[in-house]
Amino acid sequence: MPPDIGFRVLKLDDSNMKDVYYAAGDYDQNLLDLMASNIKEDRTDMDLLYGCLLEWGLPLSLPHTHEEIGGVTVHTYNGGDLIACFADTISDEVVKEIAKRQPLRAVFRDSSFANSPAKINVEEIFKLLAPNTSIKVI
């Protein structure tokens, strides 16, 4: 891995999200299957992370680290200004570990959760362990 010399070049691309604007009559089962995830297939964790930074108006020049927790990659931006996990499946243990760190913001991928109760459980974990954290699910 080349050394980090503190210089980044970023190219602006289109949105990380799929275009899901269809008329009601255009929906069929095949289209619904394609929309199981709202994120474009060719997007990486870094694409999603920088998209979130831009949406929240955070500077792109601050430090970023990543580590493995419970078998998934967790990204930490500026020592906890934002913690993100975009894994396909996220366990409650990983969510609890992120919440214990009390980040200002936490971001997860919508498709990481099996169902609505799993997403509600994330909110409850954060209410208990990190009540001041803003949570976003993309």
Are the side chains of [X] and [Y] in touch, meaning some heavy atoms are under 4.5 Å apart?
X      : Y      : answer
Lys119 : Asp110 : yes
Thr73  : Glu68  : no
Asp45  : His75  : yes
Asn78  : Pro63  : yes

* Find the distance between OG (Ser111) and CD1 (Ile90) and round it off to the nearest 0.5 Å. => 8.5 Å
What's the shortest heavy-atom distance between [X] and [Y], and which atoms?
X      : Y      : result
Phe86  : Cys52  : CZ-SG, 4.4 Å
Lys96  : Leu129 : O-CD1, 3.9 Å
Ala130 : Ala99  : CB-O, 3.3 Å

* Look only at the side chain of Thr133 and the backbone of Gln102, and say whether a donor-acceptor pair between them is shorter than 3.5 Å. => no
* To do: Could you tell me whether a side-chain N or O of Arg105 sits under 3.5 Å from a main-chain N or O of Asp81, the two making a donor and an acceptor?
  =>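 It does hold such a pair.
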Kindly work out whether a path of hydrophobic side-chain contacts (I/L/V/M/F/W/Y, heavy atoms less than 4.5 Å apart) joins [X] to [Y].
X      : Y      : answer
Ile125 : Val94  : yes
Leu48  : Phe113 : no
Ile138 : Leu53  : yes

* Answer yes when Arg101 and Glu97 have at least one side-chain N-carboxylate O distance shorter than 4.0 Å, and no when they do not. => yes
* Output, in order, the C-alpha distance, side-chain angles, deciding distance and verdict of side-chain contact (heavy atoms from CB on, under 4.5 Å) for His64 and Leu49. => CA-CA 10 Å; His64 159 261; Leu49 177 66; 3.2 Å; yes
* Hey, what's the ring geometry for Phe108 with Phe126, parallel, tilted or perpendicular (30° and 60° as the breaks)? ->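 The arrangement is perpendicular - the two ring planes meet at more than 60°.
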